[in-house]
Number of protein chains: 2
Amino acid sequence: MGLTKTEIFTEEQNQMAALLKAMAHPARIAILQRILKSNTCICGDLVDELGLAQATISQHLKELKNAGIIQGTIEGVSVCYCIEPKTWKLLQNQLGNFFASYKGEQNCC
Amino acid sequence: MGLTKTEIFTEEQNQMAALLKAMAHPARIAILQRILKSNTCICGDLVDELGLAQATISQHLKELKNAGIIQGTIEGVSVCYCIEPKTWKLLQNQLGNFFASYKGEQNCC
DNA sequence: AATTTATATCGCAATATTACGATAGATAAA
DNA sequence: TTTATCTATCGTAATATTGCGATATAAATT
C-alpha cells in the first residue's frame with residue numbers, strides 16, 4: 001500500500017489535504033514566510049538564507065508551485081516567486097471556516 | 001536521507017509544519033469534520049462512515065492525538081474523541097496570522 | 001564564442017507514510 | 001465464565017518524501 005485512497009473522499013477533502021500537505025514542511029513554511037515578509041518577490045536568496053542545498057530548495061519550491069500556492073516568473077537569469085493570490089485566498093477561506101466551525105468545549109471529553 | 005532537518009528551523013516553523021502534517025490527509029480531514037459536525041464526541045462510528053479498515057482509522061486517530069489536535073477518553077467499551085481546544089485555538093491563531101500577513105497582489109509577478 | 005550565474009532535473013539512499021490483515025486487550029452482556 | 005464488541009498494536013508490502021551531489025539548461029556577461 002502506501003497509496004492514499006483519494007477516491008473515497010470528497011473533492012474538497014482531497015483538495016484541502018493536498019494544500020495542507022504542500023505547506024506541511026518547515027522548509028516550505030520558511031519559504032512562504034520569506035515571501036510574505038518581503039513585499040516583493042523572492043528569487044534564489046533562499047539558498048543562502050535557509051541551510052539547505054540548492055537542489056533541495058528547488059524541489060520545495062516546485063512542490064509549492066505544483067500545489068498552486070506560489071507562482072514563478074522568469075526574471076532574466078533568476079526566477080521570481082510570489083504568492084498565487086487565488087489559491088491563497090481559497091485556502092484561507094477553507095481553513096477559516098474549518099476552524100471556526102468548532103463550537104467550543106463540549107461536555108463529553 | 002528522507003529525514004527532515006528540523007534543527008535548522010525555528011521552533012514555530014517546526015511546530016506549525018507538524019500540526020499541518022497531522023491534518024494533511026483526506027481521512028484525517030474527514031475525521032475532524034465528523035468530530036466538528038456532531039456537537040458531541042465521536043467514537044467508532046468512523047469505521048462505518050469512512051471506507052477504511054478499522055486498523056487504518058485507528059492509526060489516523062493516533063496521529064491526530066499525537067499531534068495534540070484531538071483527545072480521546074475511554075467511555076466503556078468505546079473511546080470518545082473530541083477536539084483538544086488548546087491546540088485547536090493555537091493552530092487557528094497561527095494560521096490566521098500567517099494567511100493574514102499576505103498583503104495582496106504585488107507588482108512583480 | 002566562452003564564461004559566469006541562476007535554476008531545474010536526475011538518480012540515489014535513507015527514512016516516512018499509508019493501508020490492512022491478524023491478533024491482542026479490555027469492557028460489557030449473556 | 002463465556003461470548004460479543006470495540007479499539008489498539010504488530011507486522012508487512014507498496015509507495016512517498018527528504019536531501020543532496022552531479023549534471024543539464026538557459027539567460028547574461030565578457
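Each chain gets a letter, A, B and so on, in the order its sequence line appears, and its residues count up from 1.
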Sugar-phosphate, base or nothing in reach of [X], heavy atoms under 4.0 Å:
X: A53(B); answer: sugar-phosphate
X: I74(A); answer: nothing
X: Q59(A); answer: base

Whole-Å gap separating [atom2] ([N]) and [atom1] ([X]):
X: I57(B); N: dT7(D); atom1: CD1; atom2: P; result: 11 Å
X: N66(A); N: dT9(C); atom1: CG; atom2: C1'; result: 13 Å
X: F9(A); N: dT18(C); atom1: CZ; atom2: C1'; result: 11 Å
X: E7(A); N: dT18(C); atom1: CD; atom2: P; result: 15 Å
X: L50(B); N: dT18(C); atom1: CG; atom2: P; result: 14 Å
X: M23(B); N: dT17(C); atom1: CE; atom2: C1'; result: 18 Å
X: L46(B); N: dT7(D); atom1: CG; atom2: C1'; result: 12 Å
X: K62(B); N: dC6(D); atom1: NZ; atom2: P; result: 22 Å

For this session: Using a 4.5 Å cut-off on heavy atoms from C-beta on, say whether the side chain of L32(A) contacts that of Y81(A).
Result: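 Of all side-chain heavy-atom pairs linking L32(A) with Y81(A), none is under 4.5 Å.
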Exercise. How close do A17(A) and I29(B) get, heavy atom to heavy atom, and via which atoms?
Worked result: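 Looks like CB-CG1, 4.3 Å.
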For this session: Please name the pair of heavy atoms, one in L64(B) and one in A22(B), separated by the smallest distance, quoted to 0.1 Å.
Result: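 Heavy-atom minimum between the residues: CD2-O, 3.6 Å.
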For this session: Find which nucleotide of DNA chain D each of H25(A) and A55(A) is nearest to by heavy atoms, and output the residue with the more 5' nucleotide.
Result: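 Its nearest nucleotide lies further toward 5', so the answer is H25(A).
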Is [X] near enough to [N] that one of its side-chain N or O atoms lies under 4.0 angstrom from OP1 or OP2?
X: Y81(B); N: dA8(D); value: yes
X: T56(B); N: dC20(C); value: yes
X: H60(A); N: dT17(D); value: no
X: K21(B); N: dT17(C); value: yes
X: S78(A); N: dA6(C); value: no

Exercise. Checking side chain to side chain contact (heavy atoms under 4.5 Å, CB included) against L90(B), which of Q15(B), M16(B), E84(B) comes through?
Worked result: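 Looking at Q15(B), M16(B), E84(B), the match for L90(B) under the side chain to side chain contact (heavy atoms under 4.5 Å, CB included) is Q15(B).
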Exercise. Nearest to the side chain of V77(B), which nucleotide is it out of dT18(C), dT7(C), dC6(D)?
Worked result: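 Output: dC6(D).
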For this session: Among dA8(C), dG19(D), dT18(C), find the nucleotide with the atom closest to the side chain of V79(A).
Result: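 The answer is dA8(C), which lies nearest to the side chain.
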Exercise. Any donor-acceptor pair under 3.5 Å between the side chain of Q54(A) and the base of dA6(C)?
Worked result: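 Donor-acceptor pair under 3.5 Å: no.
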Exercise. Aromatic rings H25(A) and F9(B): how do their planes relate, parallel, tilted or perpendicular, breaks at 30° and 60°?
Worked result: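 Taking F9(B) first and then H25(A), their aromatic rings stand perpendicular (interplane angle over 60°).
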